[in-house]
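Working notes for the structure below.
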Amino acid sequence: MATFKNGDWVQITPTPDERWEYWSKEHTAMAGMIGEIVEIEIPEDDPTMKFVRVMVYDENNNPVKQEWFLEKHVILSTRYDKVLADERDRACEELQKWEKKKREMIDETLRHAFGLEPIKKSTKKKKKETTTALKVDSTGEEVWEGPTEEMEQETIDEILEIIDGMDYDGLWDGPDGAD
């Protein structure tokens, strides 16, 4: 078993220890998180047991939570593991944002291509109707209008951001002998 000291970075066990009488919802909320040991206490009545107070920080190094755990509830880790986990989470959130935008752009393109955009009703006042033998009833059906609308400037800016971040050198690497 590892020997812990103040300042060590540890990961809290990912599974709750419901058998420990002091385990609470706060402990469960911190399960699997990486934090720093800020205090160690050895009870006078049982010197074989150690309590460690673990402080969990957010990505800006601001303290978020702290709780006391038994020494068996923590695993020795590093600060690098915490930074790596935060960066992975941030990258996943950014990927989700781009995937959502991509989906919206594809849907918009397909609606334009297949003419599934609803007819926009004009807001002009109608002239007084005349009596005729033939009356045309216009319904709000979806009709092909063709790709007449331009892309919004916000969409163009987001596409340019994506293009600026691309690695073009990696795109042109093909297999040897492909010439």
Side-chain angles (χ1 to χ4, degrees), residues 1-111 151-179:
M1 187 174 226
T3 305
F4 299 108
K5 59 185 184 294
N6 285 344
D8 280 348
W9 285 84
V10 292
Q11 181 174 10
I12 301 161
T13 182
T15 54
D17 183 8
E18 301 294 337
R19 293 176 294 164
W20 188 41
E21 62 184 301
Y22 300 108
W23 193 272
S24 65
K25 292 178 184 176
E26 288 80 19
H27 290 89
T28 303
M30 292 176 67
M33 292 183 169
I34 298 174
E36 181 182 13
I37 295 178
V38 291
E39 193 175 346
I40 297 176
E41 198 171 291
I42 301 171
E44 294 175 4
D45 59 339
D46 188 5
T48 60
M49 210 168 38
K50 276 188 183 178
F51 292 97
V52 293
R53 185 165 54 110
V54 179
M55 175 85 68
V56 175
Y57 300 93
D58 64 6
E59 58 273 351
N60 298 324
N61 280 341
N62 297 322
V64 178
K65 299 177 184 180
Q66 66 177 353
E67 279 299 328
W68 286 96
F69 291 92
L70 288 176
E71 187 179 36
K72 70 178 185 176
H73 294 143
V74 294
I75 304 163
L76 193 60
S77 185
T78 63
R79 179 161 171 69
Y80 175 74
D81 292 336
K82 165 89 170 106
V83 171
L84 189 63
D86 288 345
E87 284 298 311
R88 182 195 62 230
D89 293 344
R90 186 192 59 75
C92 288
E93 288 173 12
E94 190 173 326
L95 178 64
Q96 291 295 325
K97 181 183 86 173
W98 285 112
E99 287 290 327
K100 180 181 176 187
K101 184 64 181 173
K102 180 184 132 195
R103 234 177 296 123
E104 289 171 358
M105 289 172 60
I106 289 173
D107 289 347
E108 182 181 331
T109 303
L110 290 174
R111 278 193 294 275
M151 277 195 203
E152 294 178 12
Q153 185 61 38
E154 180 182 322
T155 306
I156 293 171
D157 292 341
E158 289 181 19
I159 291 171
L160 289 175
E161 270 186 49
I162 294 170
I163 291 172
D164 287 342
M166 289 183 67
D167 176 24
Y168 291 104
D169 294 335
L171 293 175
W172 302 109
D173 291 339
D176 292 337
D179 295 352

With sequence neighbours left out, what residues match Asp17 under side chain to side chain donor-acceptor pair (under 3.5 Å)?
His73

Tabulate below the donor-acceptor pairs under 3.5 Å that side-chain atoms of residues 25-32 make, not counting sequence neighbours, or state none.
unit_1: Glu26; atom_1: OE1; unit_2: Ser24; atom_2: OG; d: 3.0
unit_1: His27; atom_1: ND1; unit_2: Ser24; atom_2: N; d: 3.1
unit_1: His27; atom_1: ND1; unit_2: Ser24; atom_2: OG; d: 2.9
unit_1: His27; atom_1: NE2; unit_2: Trp68; atom_2: O; d: 2.8
unit_1: Thr28; atom_1: OG1; unit_2: Trp23; atom_2: NE1; d: 2.9
unit_1: Thr28; atom_1: OG1; unit_2: Ser24; atom_2: O; d: 3.3

Taking every non-hydrogen atom, the tightest pair across Val10 and Phe4
CG1-CE2, 3.6 Å

Qualifying residues under salt bridge (Lys or Arg N to Asp or Glu O under 4.0 Å), relative to Lys97, sequence neighbours excluded
none

Do Leu70 and Phe51 make a side-chain contact, defined as non-hydrogen atoms from C-beta onward lying under 4.5 Å apart?
yes

Just jot down the side chain to side chain donor-acceptor pair (under 3.5 Å) partners of Lys50, sequence neighbours excluded, or say none.
none

Sort and list the pairs that fulfil salt bridge (Lys or Arg N to Asp or Glu O under 4.0 Å) and have at least one residue in residues 28-44, not counting sequence neighbours.
Glu39-Arg53

Using the test side-chain contact (heavy atoms from CB on, under 4.5 Å), find all partners of Asp46 that sit at least two apart in sequence or belong to another chain.
Thr48, Met49

What distance do Met55 atom CE and Glu67 atom CD have between them, rounded to the nearest 0.5 Å?
11.0 Å

Measuring from atom CG of Leu76 to atom CH2 of Trp9, what distance do you get when rounded to the nearest 0.5 angstrom?
12.5 Å

Mind checking side-chain contact (heavy atoms from CB on, under 4.5 Å) for Asp81 and listing every partner two or more places apart, or none if nothing turns up?
Ile34, Ser77, Thr78

Arg90: what forms a side chain to side chain donor-acceptor pair (under 3.5 Å) with it, not counting sequence neighbours?
Glu87, Glu94

Gap separating the CZ atom of Arg103 from the CG atom of Asp107, nearest 0.5 angstrom
8.5 Å

Test of understanding: with side-chain contact (heavy atoms from CB on, under 4.5 Å), list the residues that count as partners of Lys102, not counting sequence neighbours.
Glu99, Ile106

Carefully, step by step, assess Asn61 and Arg79 under the rule side-chain contact (heavy atoms from CB on, under 4.5 Å).
CA-CA 11 Å; Asn61 280 341; Arg79 179 161 171 69; 2.7 Å; yes

Please enumerate all residues that pass ring-ring contact (aromatic ring centres under 6.0 Å, His included) together with Tyr22, with sequence neighbours excluded.
Trp20

For the pair Asp8 (side chain) and Lys5 (backbone), establish whether a donor and an acceptor sit closer than 3.5 Å, ignoring hydrogens and angles.
yes

The residue among Val52, Val38, Ile40 that forms side-chain contact (heavy atoms from CB on, under 4.5 Å) with Asn6 is Ile40

Once side chain to side chain donor-acceptor pair (under 3.5 Å) is applied, do any residues pair with Asn60, and if so which ones, sequence neighbours excluded?
none

